[in-house]
Each structure stands twice: as C-alpha cells, then as structure tokens.
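Before any comments, here is the structure.
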Protein chains: 2
Amino acid sequence: MTDNDQTPLDGVDRALVDALRKDGRTTLAVLSEISGLSLSAVQVRVRKLEARGVITGYRAVVNAEAVGLPLAAFIEITPLDQAQEDDAPERLRGMPGIESCYSVAGNANYLLVTRVASPRALEELLGRIRRTAKVSTRTTVVLQTYFEGQMTEPG
Amino acid sequence: MTDNDQTPLDGVDRALVDALRKDGRTTLAVLSEISGLSLSAVQVRVRKLEARGVITGYRAVVNAEAVGLPLAAFIEITPLDQAQEDDAPERLRGMPGIESCYSVAGNANYLLVTRVASPRALEELLGRIRRTAKVSTRTTVVLQTYFEGQMTEPG
DNA sequence: TGTGAAAAATCTGTAAT
DNA sequence: ATTACAGATTTTTCACA
C-alpha cells in the first residue's frame, strides 16, 4: 500500500502538499497553522500522504553547476530495430547522467533529460545510450535555464 | 553570499549533497555517520552549502497524477516576431502549468516542461502561451513516465 | 478523524580544546 | 575540526473523545 490510492485529496491535503512542495522541511507546527488542524492530526495526514504515494519523498534541490553538471540536454531516442522489444527505458535506467525518461507521442519514441559535466561527457553519454539501447538520437542542448521545477497550481 | 561560490566541493561535501538529494530530511546525526565528521562540523558544512547556493532548497516530491496533473508535455516555442525582444521566459514565469523553461540550441528558441490536468487544459495552456509570449509552439505529449529526477553520479 | 499532553529525538548555539 | 553541554524546537507516541 505504498502507492496508488485513488481517493481524491481534500482541501487540507492539498494545502499540506502545497506547503511541503515549496518547503519539504516545513514543520508540523507550521503545517498545523496552515491547515487549522492539530499537530497530531497533521502528522497523521502527512503519514497517509506518504503511505498512499502522494508524497513520494523529500529531496534537497541542488545547483547543477555547483555539483559539476552544468550541461543539460534533452535527447530524443528511437529504436533502430523495430522488431526489437522496447526495453530502452529499462536498459537506460540508472545510467549516470540520465535524469528522466519518458515515452512520448511524436517522431521519437522516448525522450531523455540528461545532465553532464561537459560537451565531451555528453558525447560519451550519447554513445553509451546508442550502444546500450540500440537507438538513434536527436539531441537538444540547453543553453540557459530560466527556471526549473516551478510549481504553480491551476487555481 | 546566498549564491555563486566557485569553490569546488570536496569529498565530504559531495557525500553530504548526495545524501540530502536522496533524502532531504536526512538528520545531522546520519550525515555525521556518512561523512565521518562530527555532528557540529556537519552542521557547519550543510549551512555553508545552503549559503553558497549549492543546496537551493528542500522539496517534497509529489506524484503528479495524485495531485491532479496527469498530463505532461514538452513545448518548444519560437517567437513569431523576430524583432520583438526575447522576453518569453519572463512573460511565462509563474504561469500555472509551466514547470520549467530553458533556452535551447535547436530549431526552437525555448523549451518548456508543462504539467496539466487534461487535454483540454493543455489546449488552454497552449493558447495562453501563444498569446502571452507571442510564439509558435510545437508540443510533445508525454505518454508514460518511466523515471524522473533520477540522480546518478558520474563516478 | 480528531485533540491534547508527555516522552524522545533533533537542532542550535556556545564554549573549550 | 572535535567534544561537550544546555536550551529550544520538532517529532513521536500514547490515551482518549
């Protein structure tokens, strides 16, 4: 029961989730004020949100440049051999430099979000991807990041 | 001094950052064990990493479907009027549904990562983007997310 | 679910080495 | 940097409506 529970979130849950998305270290006391519930009740709510898989974890957000990965790129990939099973995502999972993997509706089959140290490292990553997943690649290099991971609610 | 300090990270800093990326709530006691440093020293280190802008914040990671935003899409945009100043990122900042904005090297000028509630909401978002930033759009819809925000170190 | 209060753990700051 | 200590804060647990 660590995932999937279609029970929709009520107003309080949404408020808690929003607060924790902005600051993953928001204390129960603050969450209590925000929601109007008691501290204990808030704790139970948060525990349930975690158990239901609504909140999947807590992460420190890191400056990519500061940790030596200043070069980001989107890489669209398409299997070379149509007959071959589509296990590209599984093959690429865990490969250093690959942050995310999506299947997409478009010319390419998959889209990867990657982050590496240098153009040279990107070249190496591309080679590794092509060999490992037997795919062709189309790379879009990121020149500047204006904002990332912004969280705006649809009202 | 909340940002930008080109001092490279040493091994301990890297270990601390890695641990906090995996779990933003890792306690100082645990970080102390991991790094081998005393709790006090670890506290100072983490404070400095935050002050230097290496760690920019802490966030709860949320299941997009659970919070009512099951439809993700990458939207490439290109200003319609060449003469017009390139202020698209500024115009789009904070717009509900837009998560990230990059300038990219490729056919398009910018790439947006978006997340909305439905195809209808995506249609509305596209309209809002075109009107607000005066751009043409090329949308790639995400069909499935295999993994996201994975953090693998280049060894 | 919810509340409230006590117990345990964690964080923060200071001081001496 | 390390250890040690004290006070404040936070989290956890328990009893109960």
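Naming convention: chains lettered A, B, ... in sequence-line order (proteins, then strands); numbering from 1 in each chain. Just so you know, these numbers come straight off a predicted model, no measurement behind them.
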Atom pairs and distances, side-chain donor-acceptor, residues 35-43 of chain A, under 3.5 Å, sequence neighbours left out:
unit_1	atom_1	unit_2	atom_2	d
A:Ser35	OG	A:Leu31	O	2.8
A:Ser35	OG	A:Ser32	O	3.4
A:Ser35	OG	A:Leu37	N	3.3
A:Ser38	OG	A:Ala41	N	3.2

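By the side chain to side chain donor-acceptor pair (under 3.5 Å) test, A:Asp81 is found to be paired with no residue, residues two or more places apart in sequence or in another chain being considered. Residues satisfying the side chain to side chain donor-acceptor pair (under 3.5 Å) test with A:Thr137, not counting sequence neighbours, are A:Arg130. The side chain to side chain donor-acceptor pair (under 3.5 Å) check on A:Glu148 picks up A:Arg115, B:Tyr102, with sequence neighbours excluded. Scored by the side chain to side chain contact (heavy atoms under 4.5 Å, CB included) test, B:Gln144 finds A:Ser103, B:Tyr146 as partners (sequence neighbours excluded). Partners of B:Glu90 by salt bridge (Lys or Arg N to Asp or Glu O under 4.0 Å), not counting sequence neighbours: none found. Residues meeting the salt bridge (Lys or Arg N to Asp or Glu O under 4.0 Å) test with B:Asp87, sequence neighbours left out: B:Arg91. Listed by chain and residue number, A:Glu76, A:Thr78 satisfy the side chain to side chain contact (heavy atoms under 4.5 Å, CB included) test with A:Ala108 (two or more places apart in sequence, or in another chain). With sequence neighbours left out, the side chain to side chain contact (heavy atoms under 4.5 Å, CB included) criterion links B:Asp10 to B:Val12, B:Asp13, B:Arg45.
Here the range on DNA chain C touched by chain A, meaning any atom under 4.0 Å from one of its heavy atoms, is C:dT1 to C:dA5.
The cationic atom of A:Arg25 (NZ for Lys, CZ for Arg) lies less than 6.0 Å from the six-membered ring centre of B:Tyr58 and within 45° of the ring axis.
When the C1' atoms of four end pairs are superposed on the next four at each end of the helix from C:dT1-D:dA17 to C:dT17-D:dA1, using five pairs per end, the two resulting axes differ in direction by 30°, to 10°.
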Annotated protein contacts, base or backbone, on nucleotides 3-17 of chain D with a non-hydrogen cut-off under 4.0 Å, one of B, S, - each: BB-----SBBB----
